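The first residue of the sequence shown is numbered 1, and numbering continues consecutively from there. Predicted model, so just to flag it, every value in this text is computed and none were measured.
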Amino acid sequence: FVSKYLRDKFFTDINESFDKTFIIPNSLDRNQEAIIEKKQKIVLFVGRIVKEKGVDLYVDAVKELSGEFSDWSFLVIGSSKLGYDKKSLYEKEIIQSLKKLDNNVEFLGYVPNEKVKYLMSKSSILVIPSVWQEPFGMTAIEGLSNKMVVVGSEVGGLSEIIKDKGVLIKDIDSRKLTTKLRELLNSSVEIKKYQNLTWDNYSFDQKNISSLQDNMRREIFNKFNNSS
């Protein structure tokens, strides 16, 4: 399983011990080009433009904050479905809402992975306002690997990744998100505190995950050999 949440969900109503299962998260090496001192005043949303990702909560927060923090840029990256040009009604509504806001707000749509990585390396804050139980949350790892302050919902596997390295919001709504973002945007000290935490005991590097996989295989083989 990639997260404890997914394992626990799988075993709901199943009376089996967890000692025969393994948690092996996805991996992502730290981006060595992400340097805190070179970070710009950019807040990002990166993900599918669908209701369960909570992008409307981010848009509501940006409505309140873009004028107040005119020296910051607020960006939305993503589309409703990868490689699908036709926009959903929800996506169209999000785009129209963003177009009505200040000049420091921009919808970029689908962006290739390399450009996303570059933008993350330059940006300060990543918002992940999911309203469903994320089984893992790869975007959160991408944020941490790029030394971004990750502000996310306390849901599913997402909370396992962010933990105390970022900001978790329980029962997220637009009001709570706006309040938390305002606190961050008003405090460069708080922003740098979380940026400096992102790489502390960072455990998602390929080397670490490969080691977990090797240990898992070794344990399985040992159990098999001992039982034969």
Side-chain angles (χ1 to χ4, degrees), residues 1-12 14-39 44 46-48 53 77 82 111-128 130 132-169 191-228:
F1 297 92
V2 294
S3 67
K4 292 179 182 177
Y5 166 78
L6 201 58
R7 179 196 64 186
D8 294 349
K9 197 72 175 174
F10 181 86
F11 279 99
T12 300
I14 298 177
N15 295 320
E16 282 289 334
S17 172
F18 288 161
D19 62 4
K20 295 180 181 178
T21 65
F22 298 89
I23 307 297
I24 307 290
N26 294 324
S27 65
L28 185 67
D29 288 335
R30 287 168 280 194
N31 184 4
Q32 300 300 327
E33 295 181 5
I35 300 170
I36 292 176
E37 290 71 27
K38 293 184 178 181
K39 289 284 186 181
L44 287 183
V46 179
R48 289 189 301 122
K53 293 295 185 180
I77 296 173
L82 183 62
V111 172
N113 285 337
E114 281 305 309
K115 187 174 180 181
V116 172
K117 182 179 177 180
Y118 172 78
L119 286 170
M120 283 186 161
S121 73
K122 299 299 181 186
S123 301
S124 295
I125 300 172
L126 177 66
V127 181
I128 312 176
S130 295
W132 78 302
Q133 297 292 330
E134 293 276 2
F136 184 64
M138 191 65 192
T139 306
I141 293 183
E142 291 173 338
L144 294 176
S145 72
N146 281 284
K147 291 188 174 181
M148 300 180 72
V149 182
V150 180
V151 180
S153 309
E154 191 174 335
V155 293
L158 196 57
S159 57
E160 296 175 35
I161 297 168
I162 298 174
K163 293 181 181 177
D164 56 356
K165 294 179 181 294
V167 179
L168 285 169
I169 302 175
I191 288 173
K192 286 187 177 178
K193 181 190 82 172
Y194 283 113
Q195 287 173 336
N196 283 316
L197 285 172
T198 55
W199 285 12
D200 281 358
N201 299 313
Y202 183 86
S203 59
F204 302 104
D205 283 322
Q206 179 61 54
K207 183 178 180 180
N208 292 332
I209 302 304
S210 293
S211 178
L212 281 176
Q213 292 171 334
D214 289 342
N215 291 337
M216 176 193 69
R217 294 188 191 97
R218 192 176 299 113
E219 186 172 339
I220 291 172
F221 290 150
N222 287 339
K223 285 183 178 180
F224 178 78
N225 290 332
N226 290 337
S227 63
S228 60

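- In this structure, the side chain of Trp199 does not engage the main chain of Asn146 through any donor-acceptor pair within 3.5 Å.
- Counting heavy atoms of neighbouring residues, nucleotides and ligands inside a 6.0 Å radius, atom NZ of Lys193 exceeds 12 of them.
- The nearest pair of heavy atoms linking Asp164 to Leu197 is O-CD1, 3.6 Å.
- The nearest pair of heavy atoms linking Asn196 to Ile36 is OD1-CD1, 3.1 Å.
- Residues Leu158 and Ala140 come closest through the heavy atom pair CD1-CB, 3.7 Å.
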Show every donor-acceptor pair shorter than 3.5 Å between a side-chain atom in residues 116-124 and any protein atom, with sequence neighbours excluded, or say none if there are none.
{"residue": "Ser121", "atom": "OG", "partner": "Tyr118", "partner atom": "O", "Å": "2.6"}
{"residue": "Ser123", "atom": "OG", "partner": "Leu119", "partner atom": "O", "Å": "2.6"}
{"residue": "Ser124", "atom": "OG", "partner": "Gln40", "partner atom": "O", "Å": "2.6"}

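- The heavy-atom pair separating Thr139 from Val46 by the smallest distance is CG2-O, 3.7 Å.
- For the salt bridge (Lys or Arg N to Asp or Glu O under 4.0 Å) condition, the pairs that include at least one residue of residues 133-148, sequence neighbours left out, are Lys53-Glu134.
- Annotation for Asp214: atom CG counts as buried by contact number, over 12 foreign heavy atoms lying within 6.0 Å.
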Could you please spell out the steps behind the side-chain contact (heavy atoms from CB on, under 4.5 Å) verdict for Asn215 and Phe22?
CA-CA 10 Å; Asn215 291 337; Phe22 298 89; over 6 Å; no
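- Here side chain to side chain donor-acceptor pair (under 3.5 Å) pairs that include residues 204-213, with residues two or more places apart or in two chains, are Ser27-Gln206, Arg30-Asp205, Gln206-Ser210.
- Shown here are the ring pair (Phe, Tyr, Trp, His ring centres under 6.0 Å) partners of Tyr194, two or more places apart in sequence or in another chain: there are none.
- Considering only residues two or more places apart in sequence or on other chains, Lys163 meets the salt bridge (Lys or Arg N to Asp or Glu O under 4.0 Å) condition with none of them.
- For residues 150-162, no residue pair satisfies the side chain to side chain donor-acceptor pair (under 3.5 Å) rule, not counting sequence neighbours.
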